Amino acid sequence: MDPVSLVISEGAEYFSEVFNLGVEEAFRLIQPPPREEYGDLSFPLLRFLRRSPANQQAVVEAFRGRIWEKGIKFIDIEVTGGFLNIRFEETALAKYVFGLMINGWKPEPIRSREPRIVVVEHTSANPVHPLHMGHARNTSLGDTLARLLAARGHRVNRRFYVDDVGRQAAVAALGFRLLSSRPKEVAARVGRKPDHVVGWVYAVTHTALDAVILKSKLGEAGDDERTMLVRELDKLLSTLARLKEGWPSDLYEAIVSGVGSLTDPEAEVSSIMKRYEEGLEPERSLVREVAGTALDGFRETLSRMGVDFDAWDWESDLVWSGLVAKVIEEARRSPYHIIYKGTSALDIPRIVEELVKPNPEYRAAFKLPRGFEVPPLVLVRSDGTTLYTTRDIAYSIYKFRETGADRVVNVIGADQRLPQLQIRLALLGLGYTREALNMIHYDYEIVRLPGRAMSGRRGEYVTLDEVLDEARQRARVEVEKRNPGADPGWIEETAEKIAVGAVRFAMVQTSASKPIVFNVDKVLDLKENTAPYLQYTHARAHSILEKLGGIDYHNIDYTSASHPDRRRLLITSLRYPYTAAKAADDMAPEDLATYLLRLADMFNSWYQKDSVVRDPSPGARNFKAMLVRLVRDVLASGLRLLGVEPLKRM
RNA sequence: GGGCCCGUAGCUCAGCCAGGAUAGAGCGCCGGCCUCCUAAGCCGGUGGUCGGGGGUUCAAAUCCCCCCGGGCCCGCCA
């Protein structure tokens, strides 16, 4: 372990013992001071020492002793302004670290002392339309979280929940039934990406369905209601007109007229849903194929994004295997089971009153809104089919059981906060206490189009595919400009890596709680965007080392470290293992992103005024080269955690 | 009607959860830097009633209360 990480780890342990707080909390409290002259690391002593001011010096001495024991003696510890400040003597620090590097050490996140099994469920888009920019945020966040946690030493299991049982899949299936040809055949005939084809069929079917239902309402509406309905209908018709454009008109007509000729369209959809849940043919094969076709498209896009899953969990399997029925059965026997509006439900309000409120630990864990009032959670529809929330209860249990997970992280939009909370409360009520307490809803705000949200059922979205393509095109122009005559294959590959990096970074760099209004130019302006900047900085560092050829390890002038810019770069680089570890603990990828940008700024600034290759002194040159290598290795490691490919040339 | 999230420089955001050390970046705008390690870069300048008002504290962008603005959620949809 490098000395900085070692001091931080020791410090966390020591402070946690002395001040009687959790190791993780102490770990988090060790921070870089706001101003450089205070030191390299700081700990807010005053806050704790106020209880016993007498032993301040004793604390410092004891801590110093502990660090010395570990062989780190090039360190200065003092207390100023209530903070314990730590400063490293840079010459010895550099010698120690470069020694590690020469022996093959590379900067990596500090590994957790308590490795856990963690499930990260993310993306889980309905298999009825392509992945759009809203999903891009989910995917980028989820995959980055998974990478971060894995690098921290946890055993991570990535899962995609295939939502094929609900109404949406049934609507898409109805569309294909009206086309009376198989989804894969339609996709092949149209010659577009399979998920885009499914998305179009779904949008046309859904919109046509809504139009038909609206028309029938129009007949029995009063005058006031009528004008509103007419306006609504106009909107649907113009949506249909938009959807018609650019697609084979016979397919369009087949769906629209097909929907129009249904005597009871609502019943048609319900019947597909019901028969699918029961596993009856031909619905069973049809819905599976519709979803499977969309999934083929997902996999293509996800693989471009560098995203992989350990498992694809089909919602229908949970139903067909009897797992959902078992949960419903357990619910029926539970003391919290009630009949609500004539059907089976869980009495969530009573679970809150009787289980959560009296228990401080639960109260903290569930963070109930103040005026929390939700109706009971209905488990089954009157027609016997299940509801999404019910199936998700079963799935939540399944995720823990299947993997032996200590913790399950669900990356799901903030709009689903309430249902997610309901599911956790239901689990608690059913006696799945451990699961309820260790299921985390990692919520993020949605990505909106200017003025409105993206809508799958109206086919109103910007797909991830088109954004990636557009980004690649823009990147290609830049790469060609800078590398005239380069191998076209290499150019294409590089442009793709820049495109993916730009998109992923853009989705992850602002904290998840902020809504993003999607702006193509914002994400794709490679100058303004910061992932290409980081890739560029990495390439720059790499090319210096290449130009240099090799480093003579026996001739390094360590006194070079005292130069302020180099010292700052050394210290900042060595904060990486800690920063990445903290980002993993806090599940805050944006912190890592910010750190990498700062480091790159520092490096580029130094680069401009302090040449490596042309330094006449071999000792200084070798020192700088090692420093460049350290920075490059940090950037490479950090970028990989964010799913951004570090480039050697661009 | 109730609840949750967001409001910091012209724009995009960090800092808030765990109150303290002179509020930070990027973009934009203005002015400079490529016979020299990749100018997707660097240097300098410009720019802030931290949405508003109270309160707690030795200390508030940060904690509490009220208000304003924007988004989301309160289904036998997902």
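All values below come from the heavy atoms of this structure, side chains included, with hydrogens, waters and symmetry mates left out. To find a chain, count down the sequence lines: A is the first, B the second, and so on, and within it residues start at 1. The structure displayed is predicted, hence computed values, not measured ones.
Across all strands shown, A:R598 has no heavy atoms under 4.0 Å from either base or sugar-phosphate atoms. As judged by a 4.0 angstrom heavy-atom cut-off over every strand, A:K624 is placed among residues making no nucleic acid contact. Residue A:D615 is out of contact with every strand shown, counting any heavy-atom pair closer than 4.0 Å. As judged by a 4.0 angstrom heavy-atom cut-off over every strand, A:N483 is placed among residues making no nucleic acid contact. Heavy atoms of A:S611 sit under 4.0 angstrom from at least one base atom. The residue A:N126 sits close only to the backbone: its heavy atoms come under 4.0 Å of sugar-phosphate atoms, none of a base. Nucleic acid contact for A:V612: base, since at least one base atom lies under 4.0 Å from a heavy atom of the residue. Note on A:K547: only backbone sugar-phosphate atoms sit closer than 4.0 angstrom, heavy atoms only; bases stay farther off. Using a 4.0 Å heavy-atom cutoff across all strands shown, A:V479 reaches at least one base atom of the nucleic acid. Among the heavy atoms of the strands, none lies under 4.0 Å from A:L545. Within the 4.0 angstrom heavy-atom criterion, base atoms lie near A:F83. Counting any heavy atom pair closer than 4.0 Å across all strands shown, A:R391 reaches sugar-phosphate atoms only and no base atom.
Distance noted for atom P between B:rC16 and B:rU56: 25 Å (whole Å). Between B:rC42 and B:rU62, the two P atoms lie 33 Å apart (nearest whole Å). Separation of the C1' atoms belonging to B:rC74 and B:rA61 is 32 Å when rounded to the nearest angstrom. The P atoms of B:rC65 and B:rC29 are separated by 43 Å, rounded to the nearest whole Å. Separation of the C1' atoms belonging to B:rG2 and B:rG20 is 37 Å when rounded to the nearest angstrom. Comparing the same atom, C1', in B:rG41 and in B:rC64 gives a spacing of 47 Å after rounding to whole Å. Nucleotides B:rG10 and B:rG28 are separated by 8 Å at their C1' atoms, to the nearest Å. Look at the C1' atom in both B:rA9 and B:rC73: the space between them is 33 Å, to the nearest Å.
Here the OG1 atom belonging to A:T144 is positioned 8.5 Å from the NE2 atom belonging to A:H122, to the nearest 0.5 angstrom. Between the CD1 atom of A:I551 and the CG atom of A:L545 there is a distance of 6.0 Å, given to the nearest 0.5 Å. The distance from the CG atom of A:N604 to the NZ atom of A:K609 is 12.0 Å, given to the nearest 0.5 Å. A distance of 11.0 Å separates CZ of A:R632 from OG of A:S543, quoted to the nearest 0.5 Å. Note that CG of A:D347 and CG of A:L425 are 11.5 Å apart. Values are rounded to the nearest 0.5 Å.
Of the N and O atoms on the side chains of A:S344 and A:H337, at least one donor lies less than 3.5 Å from an acceptor on the other residue. For the 3.5 Å distance criterion, the side chains of A:N410 and A:Y442 fail to qualify, holding no donor opposite an acceptor. Side-chain atoms of A:Y161 and A:D392 form no donor-acceptor pair, as typed in the model, at a separation below 3.5 Å.
A donor-acceptor pair is defined here as one N or O able to donate and one able to accept, closer than 3.5 Å; such a pair exists between the side chain of A:E315 and the backbone of A:V165. At distances below 3.5 Å, at least one donor-acceptor pair connects side-chain atoms of A:S42 with backbone N or O atoms of A:Q31. In this structure, A:R381 contributes its side chain and A:T386 its backbone to a donor-acceptor pair below 3.5 Å. At distances below 3.5 Å, not a single donor-acceptor pair connects side-chain atoms of A:T530 with backbone N or O atoms of A:Y533.
With A:Y595 as the aromatic partner, A:R575 does not meet the cation-pi criteria of under 6.0 angstrom to the ring centre and within 45 degrees of the ring axis. Both the sub-6.0 Å distance and the 45° axial angle are not jointly satisfied by A:R568 relative to the ring of A:W606. The cationic atom of A:R424 (NZ for Lys, CZ for Arg) lies less than 6.0 Å from the six-membered ring centre of A:F366 and within 45° of the ring axis.
Stacking between A:Y607 and B:rG41 is absent: the ring centroid is not both under 5.5 Å from the six-membered base ring centre and under 30° in plane angle.
Counting distance only, with no hydrogens placed and no angle test, the side-chain atoms of A:S543 and the base atoms of B:rC37 include no donor-acceptor pair under 3.5 Å. Residue A:R28 places a side-chain atom within donor-acceptor reach of the base of B:rA18, judged by atom type and a 3.5 Å distance cut-off alone.
Under 4.0 angstrom from either OP1 or OP2 of B:rA78 there lies no side-chain N or O belonging to A:R457. An OP1 or OP2 oxygen of B:rC42 is reached within less than 4.0 angstrom by a side-chain nitrogen or oxygen of A:Y533. At least one side-chain nitrogen or oxygen of A:S605 sits closer than 4.0 Å to the OP1 or OP2 atom of B:rC43. Note on A:K514: a side-chain N or O is less than 4.0 Å away from OP1 or OP2 of B:rG7.
Comparing A:S42 and A:W606 by the nucleotide of RNA chain B that holds the closest heavy atom to each, the one mapping nearer the 5' end is A:S42. Mapping A:I544 and A:Q608 onto RNA chain B by nearest heavy atom places A:I544 closer to the 5' end of the strand.
Taking atom CG of residue A:D591 and atom P of nucleotide B:rC17, one finds them 14 Å apart after rounding to whole Å. Taking atom CG of residue A:D601 and atom P of nucleotide B:rA14, one finds them 17 Å apart after rounding to whole Å. Between the P atom of B:rC77 and the OH atom of A:Y202 lies a distance of 14 Å, rounded to the nearest Å. Rounded to an integer number of Å, the gap from NZ of A:K481 to P of B:rC34 is 19 Å. Atom P of nucleotide B:rG20 and atom CD of A:Q31 are separated by 9 Å, given to the nearest angstrom. Atom-to-atom, CG of A:D164 to C1' of B:rC77 comes out at 16 Å; the value is rounded to the nearest Å. Rounded to whole Å, the distance from CG on A:D565 to P on B:rC37 is 20 Å. Atom CG in A:N604 sits about 9 Å away from atom P in B:rC43, given to the nearest Å.
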Subject >> Criterion ring-ring contact (aromatic ring centres under 6.0 Å, His included) on A:F43 and A:F15, from CA distance to verdict >> reply: CA-CA 9 Å; A:F43 181 86; A:F15 295 128; 3.8 Å; yes

What does the list of N/O pairs under 3.5 Å between the protein and nucleotides 69-74 of chain B look like, with a distance for each?
| from | atom 1 | to | atom 2 | distance (Å) |
| --- | --- | --- | --- | --- |
| B:rG71 | O3' | A:R448 | NH1 | 3.3 |
| B:rC72 | OP1 | A:R448 | NH1 | 3.4 |

Produce the list of close N/O pairs, under 3.5 Å, pairing protein atoms with atoms of nucleotides 44-47 of chain B; give distances to one decimal.
none

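Among the nucleotides B:rA21, B:rA39, B:rC6, the one closest to the side chain of A:R540 is B:rA39. When distances run from any side-chain atom of A:P33 to the nucleotides B:rA21, B:rG41, B:rC76, the shortest one goes to B:rA21.
Applying the 90° cutoff around 0 to the glycosidic angle, B:rC58 is assigned anti.
Consecutive pairing runs in RNA chain B reach the stem threshold at B:1-7 with B:68-74, B:10-13 with B:24-27, B:28-33 with B:41-46, B:51-55 with B:63-67, where a stem means at least three Watson-Crick or G-U wobble pairs with distances under 3.5 Å.
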